[in-house]
Structures are given as structure tokens and as C-alpha cells.
Amino acid sequence: MSHPEPKKHFIREIIEEDLRTNKYQGRVHTRFPPEPNGFLHIGHAKSICLNFGLAAQYNGLCNLRFDDTNPETEELSYVESIKEDVRWLGFDWQDREFYASDYFDRLYELAVELIKRGKAYVCDLTAEEVSEQRGTLTQPGRESPYRNRTVEENLDLFRRMKEGEFPDGSKTLRAKIDMAHPNLLMRDPVLYRIRREHHYRTGNRWLIYPTYDWAHGQSDSIEGITHSICTLEFEVHRPLYDWFLDELGIHHPQQIEFARLSLSHTVLSKRRLLELVREGRVSGWDDPRMPTISGLRRRGYTPESIRNFCDLIGVAKVNSIVDMALLEDCVREHLNKIAPRVMAVLRPLRVVLVNYPEGRVEELEAVNNPEDPTQGTRSVPFSRVLYIEREDFMEEPPKKFYRLAPGREVRLRYAYFIKCLEAIKDPRTGEVVELRCTYDPATRGGDTPPDGRKVKATLHWVSAEHAVDAEVRLYNPLFIKRDADEVDEGADWKSNLNPNSLERLTGCKLEPSLRFALPGSRYQFERLGYFCADSKDARPEALVFNRTVTLRDPWANIRKAGREND
């Protein structure tokens, strides 16, 4: 797999300095450590690309390690989805698939070692009491009354915690650091809690589980990681990460923090995404409106476009919101190169060519992709009755609307010039239901006629006799505001959900080449955008296409400018 030339940033500068000084004997070993409590999203894609990309650039290694220390929220199905996403993005962890639960025995032994060194103790305070005694940013905390238990007593109590002698929540193991430390996380943090929860890998063997802060650094050390790359919210945890490793005297990786990705018009919190799934506000983790990797894949995004997006946004030390338009531009740019062009009419309006011979069918040649001549051409049928887009006709067209109107002539893509004679309306509703037009036989293929007359618009179309019916799903941003957290007083983030994030169109008409479109196959519907055959709901007898991204529409911009000038 090829990647673009990597950009310089502060993490690469750190690694290159470490290589220059031989800090880790010339090794670069990173890891991607997701918690299997949900599906990965586009923010995780940034971390995947960074960790695996750095390892590849410096001839190093990158592990896939599941941080499965919270059995209450973790599932094997999440593990499998994560592996599928990482592979789909184009990365391979080879034989380095690890789990924090692989190290539960070793983590317990290290905790025992910390007790023996007088650096950890068993505490009987409740979670509420621990929190209350921690203090504030301006006030030091108070020491636990159990802080000065003997090493022997702590070893005995910790063993009995492990063996299930005490009820859940009755005791914890805490590090003995400094209750007056300016960093609240250093005020005797909890290492282990008693939790009788079934673990998806270890079953009911363990009754105590390590906290993330305890498992993280020690797991890095066990695996020989050199550069432990985290998002910025873990910067405050770094002193604790270093303290554990230094006190134990074991291999000490370097934790480096970078700004996490925030994307406009969505949320990148697994907790919030899970809430949307559980409340039925989306159809699942892979709903194409979701910012999950599986949702983007189902919508038609390519791994190349996501990797390019992650490269473009770069690596920084300051959090910011990246506009969704940049991600859309990345997929639009890639699909423009690879997606075959086809014709599809989403809101069909019937057109009858009154001077075209009845029963006649022509096969016209159409280009599959003007960006890639190797994709060749295809034949599309043309007949007396066609469908065009309803929005391509107006009875009383405004200025700068160059499409079809009474008395006006336009070009049909790859076909002929046609001229509108009259519009037939439903007598009950007044809605236009059919156009009567003529075609010019001298313009076959859309060529300029011998008299040299020109038209200002080219429309796509589908032969009614040969059209394939389909459902097309149009996706819009999941949230109406750029920042989903920008809410009115008393409201929550879900008040910004976009009620029009999904529009289902039925009775759409597609050219016959799409009859056997494979699930996941991507196309450009000419003049409309890029679309993907749905990987779950599409069947040969019931086609379903998802809109990946629109094309840039000049008329839409004109209409928008007109509204703004009103």
C-alpha cells in the first residue's frame, strides 16, 4: 500500500531526535489501543493513520492492543468491528494483536510489587468519600485513614480482594503519592476496584479490574512500546504514567499527546454515538449519517480518501474543529478519479418525443469516466419516452436558469437536442406530469447541428422502457449546527439533531447498467453526486443507493446567492 509523502510535525521531530540519540536503541514501536466499547469513528482513523504511519515511516512496528479493562461495556462484536475497520483503512498489525486482559496476571504482580515498595495501599473509603477527600485545585486533599497500613496488611487485603472476600465497591487499591500534589490525578489515584462483572475474554476469573491509568503505561512497557501517542486530554495523566514506570523501574516509553480530531456537524464521542444508537435516532453504528468508519464505508467513502483527509489536517497541539467540507472534498476528489459515470433520475418527469418513431430503440455510446480513459465506454438505450429530473424543467424560468422550459432547446447527454413544445398538467393538482418535446435527428450524440445553433444546458436522462427502479437515500449533516454542543439554555446536544438528515426517494429511475450493481460499488450519478450501492439493504430486485457526497452545483449556488440578496 502506498502513502503520500509524510508531513513534518512535532511528533516526527521527537522521534527523529530519539533516533539520533539512540534513545531506544534505534527502535520505533507504537500502538493503537482502542477500548472495545463501541465502533471506531473518524477521530480514531486519525490515530490509526498516525500510529501505523509513523511505524511504517521509521521501519518500526505498531501493535493493535485492545484496552479491555472495563468489562461492563465491552463486547467481542466491538473487537471484530475494530479489526475490520483497521484492515479496511489499509493497515496490518501482523501477529501483534494484544489485549490488556492478556496482562491481568502481570498487572496484578506489578501492583503487588508497588505495595511491597510502600507505594500502594488498600483503602476502605467509598468512591464518594475518595472524591470528597481529594480536594480542589486550590485546596490540598486529605489523606485516607487507611493510608498507613503496613505492607503486610496491604498484601493480605489485596490478595483477599482478588479472591472475592469483599463486596463490590468496599475496597480499592490506591497509589501512595501526594495528597497535596497540584495535579489532582496524583492525589493517591485508584489502581484496582472490586467488580463482579463477566469479562468477554476472561469470564468470571477476575473479581478486581485495573483502572485505565494503571493498565495503560504498564501494558506499553510490557510490549516494549517506545512512543505512546495519545490525544491531548491525556496530557494531565502523563505525570502519573511516568510515576508508575519510574517507581517500578521497568521499561519506560515516552507518552506524547496531540490534538484529537473534532469534526463539524457531528459528535465524536463513543458515549454519545452509543446513545444515538440505543435511542433509535439512527439505524445503528453503521448508519451512513454516523461519523463511524463503518458508517462512512457504507456511505461510499474510500479508505484512500480518509487517509488523505488525516494527512491534510495534520498533527497539532491545539484542539480545533475541522469543517466537514474538507472530508467531503477528499472523498469527492478520489471518487472523481475512480468512479464510473452513470445516469440516474431521482425525481422523474416523463418526456415524450412526439417526432421519434414509436418502438424504435437506439444504443448510444457513453463514456464511463472522462478522468480515466481505460474505463472505456458503455451503451445506453434511447427511446421515444424518457425521464428527466423534475427540477430540470420550469414553466416560467428565472434569469440564469438555462435548463428546459416551454419553447426552449437543450442537449440530452450523449443523445440529441430536444425542444419543449408543451407541458401536460394533472387537472386536479395543476402539477406538470409530462412534457411533449421534439428531437433533432441531426444532433445525434449531442453534436452541434449543421446550422451551428447552440444550447446552454445539457441534461441527463433515462429511457423509460429500460429504466431500473431504485430507492435512493440522500444524507445531510447529522447536526444542524457546526458545533453540536452549541445549545440554548436548558437544552442538550441532541436538540441540534437535524430532522432532515435523511431523505428517502422511491421510484427513482436508473440506467439499465446498474441492474446488477454489487453492494458497496461506487458511481457518479451524472450531475447529481457520488452514490454507493448499500451494503446491507440493496438487492438485485430492490436496489438501494446511498449518496456519498454531492457535486458542486452552480445553479444551487446561484439560488443561494439570490436568497441571501433578498
Side-chain angles (χ1 to χ4, degrees), residues 1-19 28-34 39-64 82 84-93 226-232 234 256-266 268 290-297 299-339 371-372 522 530 532 548-549 552:
M1 179 189 64
S2 61
H3 296 278
E5 184 66 25
K7 295 180 179 178
K8 278 285 188 182
H9 53 69
F10 75 96
I11 297 179
R12 288 198 170 98
E13 291 172 356
I14 291 171
I15 290 175
E16 288 174 4
E17 177 63 16
D18 290 344
L19 290 172
V28 173
H29 198 156
T30 62
R31 82 287 174 271
F32 174 60
F39 281 50
L40 300 184
H41 54 62
I42 186 68
H44 295 108
K46 177 179 178 180
S47 181
I48 292 167
C49 292
L50 179 60
N51 279 288
F52 281 92
L54 288 170
Q57 182 187 357
Y58 296 106
N59 298 313
L61 301 172
C62 183
N63 297 354
L64 175 63
I82 289 169
E84 181 183 6
D85 288 346
V86 175
R87 285 195 183 101
W88 180 77
L89 282 172
F91 299 103
D92 183 8
W93 56 93
T226 58
H227 300 85
S228 179
I229 300 168
C230 307
T231 45
L232 205 57
F234 291 101
I256 307 169
E257 306 84 18
F258 69 99
R260 68 188 306 168
L261 171 62
S262 294
L263 194 63
S264 72
H265 299 93
T266 192
L268 296 182
M290 291 278 271
T292 54
I293 296 174
S294 58
L296 293 169
R297 178 166 63 244
R299 186 161 170 169
Y301 275 74
T302 63
E304 293 88 347
S305 65
I306 293 176
R307 293 199 305 264
N308 185 42
F309 170 74
C310 292
D311 184 61
L312 282 174
I313 61 176
V315 178
K317 294 183 179 181
V318 179
N319 288 324
S320 61
I321 297 179
V322 177
D323 202 286
M324 178 71 77
L326 180 58
L327 178 59
E328 292 177 343
D329 277 344
C330 288
V331 71
R332 190 181 285 118
E333 179 184 20
H334 188 231
L335 290 177
N336 183 55
K337 297 174 183 176
I338 67 168
E371 300 292 322
D372 181 7
R522 306 176 184 93
Y530 294 97
C532 176
T548 307
V549 66
R552 297 180 180 89

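Bear in mind the structure is a predicted one, so any value in this text is a computation, not a measurement.
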Non-hydrogen side-chain atoms of Thr302 and Ser305 separated by less than 4.5 Å: yes
Stepwise side-chain contact (heavy atoms from CB on, under 4.5 Å) test for Val86 and Leu40: CA-CA 9 Å; Val86 175; Leu40 300 184; 4.3 Å; yes
Report the residues that fulfil side-chain hydrogen bond (donor to acceptor under 3.5 Å, both in side chains) with Thr231, sequence neighbours left out, ordered by chain and then residue number. Glu233
When rounded to the nearest 0.5 angstrom, what distance separates CZ in Phe91 from SG in Cys49? 4.0 Å
Heavy-atom distance under 4.5 Å between the side chains of Asp372 and Ile338, does that happen here? no
Applying side-chain hydrogen bond (donor to acceptor under 3.5 Å, both in side chains) to Thr266 and not counting sequence neighbours gives none
Do the non-hydrogen side-chain atoms of Glu304 and Phe309 ever get within less than 4.5 Å of each other? no
Contacts of Ile256 that satisfy side chain to side chain contact (heavy atoms under 4.5 Å, CB included) - sequence neighbours left out: Phe10, Ile11, Ile14, His227, Gln254
Ring pair (Phe, Tyr, Trp, His ring centres under 6.0 Å) involving Phe234 - partner list, sequence neighbours excluded: Tyr212, His237
Distance, nearest 0.5 Å, that separates CG of Leu50 from CD of Gln57: 10.5 Å
Taking ring pair (Phe, Tyr, Trp, His ring centres under 6.0 Å) as the test, write out the residues that go with Tyr301, two or more places apart. none
Does the His334 side chain pair with the main chain of Val331, one donor and one acceptor, at a distance under 3.5 Å? no
Test item: Arg297 and Asp85 side chains (from C-beta on) under 4.5 Å apart, heavy atoms: yes
Separation between NE2 of His44 and CD1 of Ile42, rounded to the nearest 0.5 Å: 11.0 Å
Leu89 CG to Cys310 SG distance, which is reported to the nearest 0.5 Å: 7.5 Å
Any donor-acceptor N/O pair, Arg522 side chain to Gly300 backbone, under 3.5 Å: yes
Which value, rounded to the nearest 0.5 Å, describes the distance between Ile306 atom CD1 and Lys46 atom NZ? 14.5 Å
Quick check against the 3.5 Å criterion: does Arg31 have a side-chain atom that pairs as donor or acceptor with the backbone of Leu64? no
Is the shortest heavy-atom distance from the side chain of Phe32 to the side chain of Trp93 under 4.5 Å? no
How close do Leu268 and Gly43 get, heavy atom to heavy atom, and via which atoms? CD1-N, 4.2 Å
Thr548 (side chain) donor-acceptor with Arg299 (main chain) under 3.5 angstrom: yes
Where do Tyr58 and Leu19 land on the side-chain contact (heavy atoms from CB on, under 4.5 Å) test, with the steps shown first? CA-CA 9 Å; Tyr58 296 106; Leu19 290 172; 3.7 Å; yes
Would you check, one step at a time, whether the test side-chain contact (heavy atoms from CB on, under 4.5 Å) holds for Asn308 with Glu333? CA-CA 10 Å; Asn308 185 42; Glu333 179 184 20; 3.8 Å; yes
Hey, are the side chains of Tyr530 and Asn336 touching, using non-hydrogen atoms and a 4.5 Å cut-off? yes
Only distances under 3.5 Å count here; give the side-chain donor-acceptor pairs of residues 314-327 to other protein atoms, sequence neighbours excluded, each with its distance to 0.1 Å.
unit_1	atom_1	unit_2	atom_2	d
Asn319	OD1	Arg260	N	3.4
Asp323	OD1	Ala325	N	2.9

Between NE2 on residue His29 and SG on residue Cys62, distance to nearest 0.5 Å: 7.0 Å
Does the side chain of Thr226 come within less than 4.5 Å of Ile15's, by heavy atoms? no
Okay, side chain of Asn51, backbone of Ser47: is any donor-acceptor separation there less than 3.5 Å? yes
